[in-house]
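Below: the structure, in structure tokens.
Computed over heavy atoms, backbone and side chain alike; hydrogens, waters and symmetry mates excluded. Here is how names work: the chains are called A, B, and so on, in the same order as the sequence lines, proteins then strands, and each is numbered from 1. Predicted, not measured: the structure shown is a model, and the values here were computed from it.
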Amino acid sequence: MDFTLKIWRQENSTAKGRFETYKVAEISPDCSFLEMLDILNQDLINKIEKPVCFDHDCREGICGACGLYINGRPHGPDSAVTTCQLHMRKFKDKDTIVIEPWRAKPFPIIKDLIVDRSALDKIIQAGGYISVNTGGVPDANTIPVPRQNYETAMDAASCIACGACVAACKNASAMLFVAAKVSQFAVLPQGQVEAKERAIRMVAKMDELGFGNCTNTGSCEAECPKSISLSHIARLNREYLHAKLT
Amino acid sequence: MTKLNPRIPEGPLAEKWTNYKATQKLVNPANKRKLDIIVVGTGLAGASAAASLGELGFNVKAFCYQDSPRRAHSIAAQGGINAAKNYPNDGDSVYRLYYDTIKGGDYRAREANVYRLAEVSGNIIDQCVAQGVPFAREYGGLLENRSFGGAQVSRTFYARGQTGQQLLLGAYSALMRQVDAGTVKLFPRNEMLDVVLIDGKARGIITRNLVNGKIERHFGHAVVIATGGYGRAFFLSTNAMGSNGSAVWQVYKKGAYFANPAFVQIHPTCIPVHGSYQSKLTLMSESLRNDGRIWVPKKKEDAEALRAGTKKPKDIAEDDRDYYLERRYPAFGNLVPRDVASRAAKERCDAGFGVGSGLAVYLDFNESIKRLGKHVIEERYGNLFQMYEKIVDDNPYETPMMIYPAIHYCMGGIWVDYELMTSIPGLFSIGECNFSDHGANRLGASALMQGLADGYFILPYTIQNYLAAEILTPRMPVTNPAFEEAEYNIQERLNKLMQIKGTQSVDHIHRKFGLRLWDLVGMSRTKEGLTEAVKEFALLRQEFWNDARITGDQNELNQELEKASRVADFIEIGELMARDALQREESCGGHFREEYQTPEGEASRNDENFMFVGAWEYKGTGNEPVLHKEPLVYENIKVQTRNYKI
């Protein structure tokens with residue numbers, strides 16, 4: 001398959017960016033999207049040009065490092081996958097593909113398609129944990145968890161913090177990300193004593209870092225590679241209200 | 001040889017760790033604040049160690065090349081984590097977990113370390129549950145277990161097919177809590193390029209800030225290396241793209257011994273290679289072998305028809321299928337350890353019975369789906385099936401998965417003593433990058449266990465025994481000549497890389513080298529092949545330094561420069577792997593020398609001459625390193641031939 005690629009190139013965080021057009025030819029439909037970019041980069045290196053920088057690591061859809069805005073959609077046209085698990089068979093031969101970095105103020109561009117997502121770590125630092133020190137904890141089976149709650153917690157915990165929800169949201173809200181973590185702990189017996197503080201601190205941190213508000217349009221859920229449900233946002237709202245009112 | 005003292009505590013095996021903890025030296029809380037600890041790598045081992053040390057009150061600096069500790073490759077582990085809890089009441093015990101691990105490692109692991117690992121395994125589960133890690137639950141709300149290769153009990157705890165992710169997020173959240181508390185300072189997008197020694201002790205590291213290329217110096221009273229395995233030397237592996245052996249290799253060059261480099265695990269259930277553009281292999285959790293049956297056709301003409309696409313797997317009658325693991329190993333069947341399952345798949349494919357490209361076997365769920373219902377299989381392995389379907393474009397609920405072995409995990413690594421300290425005082429190594437617990441083969445669900453055991457429950461104790469003597473050592477300025485010299489050397493190396501301006505891309509050389517490494521030092525090795533490898537890799541090293549092309553600039557984000565530095569190290573590591581495999585004239589675990597096998601094709605050990613840890617000492621690039629031997633003594637276990645048949 002042959003493709004025309006329009007890729008956002010930007011030298012560094014302060015430089016002005018621009019789109020560049022590249023051609024790639026004879027791409028196998030079984031090739032992953034990132035492998036297609038590898039092929040492009042090898043061409044560029046052969047021509048002594050700078051390859052396109054993009055974040056990626058596990059290439060198994062779980063580390064959350066990769067994230068490209070492809071034809072106006074985070075992680076591209078396939079549903080419930082990360083960019084590394086997107087394959088060229090999802091495109092048509094001779095397609096033109098537009099590739100951009102995540103677009104959100106709290107995710108400043110570092111270079112080309114790489115953005116700084118450390119804001120998500122800062123939100124976790126503001127309470128996205130259960131305060132236990134190593135050792136001195138009770139035997140695991142003394143904390144029973146109803147199976148249904150485990151399922152809900154696990155659904156929420158599958159978030160990989162890729163930032164697609166932020167990139168998809170017209171307000172660049174990180175609500176789905178925050179909701180996933182708050183929700184995971186809200187349905188478990190562990191960490192209940194600090195539940196109120198957790199919800200308040202994490203939401204405050206999200207606001208402070210410049211993420212927008214949630215208006216329940218649902219594009220985050222639609223683009224989430226792990227299919228994290230909007231219902232977690234509902235739970236976050238309940239947790240937050242409860243924390244504020246009691 | 002004094003440097004290779006494993007410092008195993010006296011006393012009966014079951015009491016060693018308790019006695020050690022009761023008598024080791026401690027650092028009082030006021031003094032902990034005065035001590036700086038550097039932790040390099042923030043996967044399961046690094047994150048859990050950094051968090052625990054921060055909680056204790058030390059000043060911790062944690063470094064990783066990723067943009068966030070949550071992306072460390074531990075996150076990709078799927079199947080589970082072992083612990084001797086005996087919740088299922090099927091007869092598990094600390095002794096049994098220790099026994100299985102020693103046996104699984106083909107009697108090439110240190111007994112005292114393995115026993116301790118089994119001993120603390122239960123605490124790990126307690127710790128993770130308390131952190132809110134969502135482990136699978138029974139309907140009664142208690143924890144659920146499943147079985148894994150190499151064991152006859154169900155001791156594996158899991159969180160769907162995302163156990164590594166959930167455990168890492170647990171450790172990561174503990175780490176984030178310490179960052180918030182100010183005890184840990186985090187340095188993401190930073191790569192360690194060298195360790196700094198002052199008066200023979202590890203006192204800091206040199207790093208490169210991957211965003212702006214700045215070289216930085218960091219002091220620590222002790223340095224902990226937790227950077228994972230070097231398996232990506234093979235180019236195609238299940239490791240993350242950035243996984244590298246550079247930190248390990250730099251400390252080796254500074255005098256830390258490198259043990260058993262030839263011991264690399266081949267995982268039996270990976271998605272087969274499908275194209276020359278491929279960058280990476282994807283693992284399918286071994287837990288699939290609980291419900292999947294592995295087979296190839298009995299008749300060669302069927303195999304040919306399947307390869308040509310004229311027959312489909314369902315066209316092969318039950319009687320014409322060869323469930324070769326069940327046939328050869330009736331007691332363990334599809335749950336034999338990884339090395340055994342990998343070799344058996346290779347044997348069938350080499351004999352002409354492979355399917356797909358010829359380098360694949362079937363992993364079939366048809367019978368389990370009939371017996372248990374599709375929903376049960378979906379519940380157990382849903383995300384793995386989805387992942388397979390996305391990659392291969394085939395529905396594994398209807399047609400069997402195709403799998404083939406691939407490079408997965410490094411059992412070899414930096415040599416450490418019982419305290420997890422390397423042969424350099426003050427330099428510690430934990431998790432996959434040390435050699436200690438898995439012997440010549442790693443059983444499933446044991447890597448997560450070791451990473452967290454080292455990080456949460458072992459290092460935080462043992463490092464104090466060293467640091468107790470350091471409380472009067474003031475923080476040293478990084479203007480110290482040792483720092484200056486190390487930084488100078490790093491600058492020189494980077495300049496040299498940028499000045500090569502050759503014709504071959506780094507990936508091109510890596511791919512070429514990786515293929516040779518797989519051919520000559522992969523699933524089976526011969527004296528001829530390994531002798532050739534040692535020579536060939538030395539030449540490739542020169543080719544790299546003469547002809548690599550690195551574009552861009554040194555003082556900017558430059559992924560080609562990052563790769564180049566890592567590949568330069570991989571080639572040298574490959575040379576040492578070949579040397580180590582060459583000296584080990586026996587077959588054991590993941591190390592299979594064709595000359596040493598039983599008439600049935602099983603690995604044939606030579607306990608009389610090779611029951612030792614082979615630890616290499618660096619003598620300069622291009623010079624022959626020196627092999628030191630740490631004899632392995634088994635006082636509590638009868639060394640037997642591994643047998644999974646009865």
If the threshold is 4.0 Å, N to carboxylate O, is there a salt bridge linking [X] and [Y]?
X       : Y       : value
D553(B) : K50(A)  : no
D139(A) : K85(B)  : yes
R201(A) : D180(B) : yes
K111(A) : E556(B) : yes
R137(B) : E151(A) : no
D121(A) : R71(B)  : no

Residue part contacting chain B, namely of [X], when any heavy atom lies under 4.5 Å:
X       : answer
V115(A) : backbone
S158(A) : both
D78(A)  : side chain
V145(A) : both
I45(A)  : both
A80(A)  : both
S13(A)  : neither
I39(A)  : side chain

Keeping [X] on the side-chain end and [Y] on the backbone end, is there a donor-acceptor pair under 3.5 Å?
X       : Y       : result
H87(A)  : K390(B) : yes
D126(B) : A140(A) : yes
Q184(A) : P134(B) : no
K280(B) : C58(A)  : yes
Q127(B) : G135(A) : yes

Which one wins on heavy-atom pair count under 4.5 Å against chain A: [options]?
options                            : value
Q66(B), Q278(B), K501(B)           : Q278(B)
F135(B), Y456(B), F457(B), Y172(B) : Y172(B)
A240(B), C128(B), G140(B), S243(B) : A240(B)
Q162(B), H73(B), Q165(B), E144(B)  : Q165(B)
M387(B), Q504(B), R189(B)          : R189(B)

Quick one about [Y] and [X] (side-chain donor to acceptor, distance below 3.5 Å, no hydrogens or angles considered), yes or no?
X       : Y       : answer
T282(B) : E60(A)  : no
S279(B) : R59(A)  : yes
R177(B) : N133(A) : yes
E49(A)  : T551(B) : no
D57(A)  : Y65(B)  : yes

Let's go through D155(A) and R160(B) carefully: what are the C-alpha distance in whole Å and the side-chain angles of both, what is the deciding distance for side chain to side chain contact (heavy atoms under 4.5 Å, CB included) to 0.1 Å, and is it a yes or a no? CA-CA 10 Å; D155(A) 286 344; R160(B) 288 199 191 137; 2.9 Å; yes
Ignoring hydrogens, what is the shortest heavy-atom contact between [X] and [Y]? Give both atom names and the distance.
X       : Y       : value
Q559(B) : C53(A)  : OE1-CA, 3.3 Å
M176(B) : Q125(A) : SD-NE2, 3.3 Å
A130(B) : V137(A) : CB-CG1, 3.7 Å

Within this structure, what is the [atom1]-[atom2] distance for the pair [X] and [Y], rounded to the nearest 0.5 Å?
X       : Y       : atom1 : atom2 : value
L143(B) : N141(A) : CG    : CG    : 4.5 Å
S74(B)  : I62(A)  : OG    : CD1   : 12.0 Å
D393(B) : R89(A)  : CG    : CZ    : 4.0 Å

Give the intermediate values and the outcome of side chain to side chain contact (heavy atoms under 4.5 Å, CB included) for residues Q190(A) and Q131(B). CA-CA 7 Å; Q190(A) 303 94 310; Q131(B) 288 172 343; over 6 Å; no
Could you tell me which portion of L168(B) (side chain, backbone, both or neither) has an atom closer than 4.5 angstrom to a non-hydrogen atom of chain A? neither
Quick check on E562(B) against chain A: is it the side chain, the backbone, both or neither that has a heavy atom closer than 4.5 Å? neither
Heavy-atom pairs under 4.5 Å with chain B are the metric here; pick the option from L86(A), D30(A), I27(A) that has the most. D30(A)
Does some side-chain heavy atom of [Y] sit less than 4.5 Å from a side-chain heavy atom of [X]?
X       : Y       : result
S173(B) : I130(A) : no
E138(B) : Y150(A) : no
I110(A) : L557(B) : yes

Take a 6.0 Å sphere around OH of Y277(B) and say whether it holds more than 12 heavy atoms from other residues, nucleotides or ligands. yes
Could you walk me through whether L120(A) and R70(B) pass side chain to side chain contact (heavy atoms under 4.5 Å, CB included), step by step? CA-CA 10 Å; L120(A) 299 182; R70(B) 67 175 303 137; over 6 Å; no
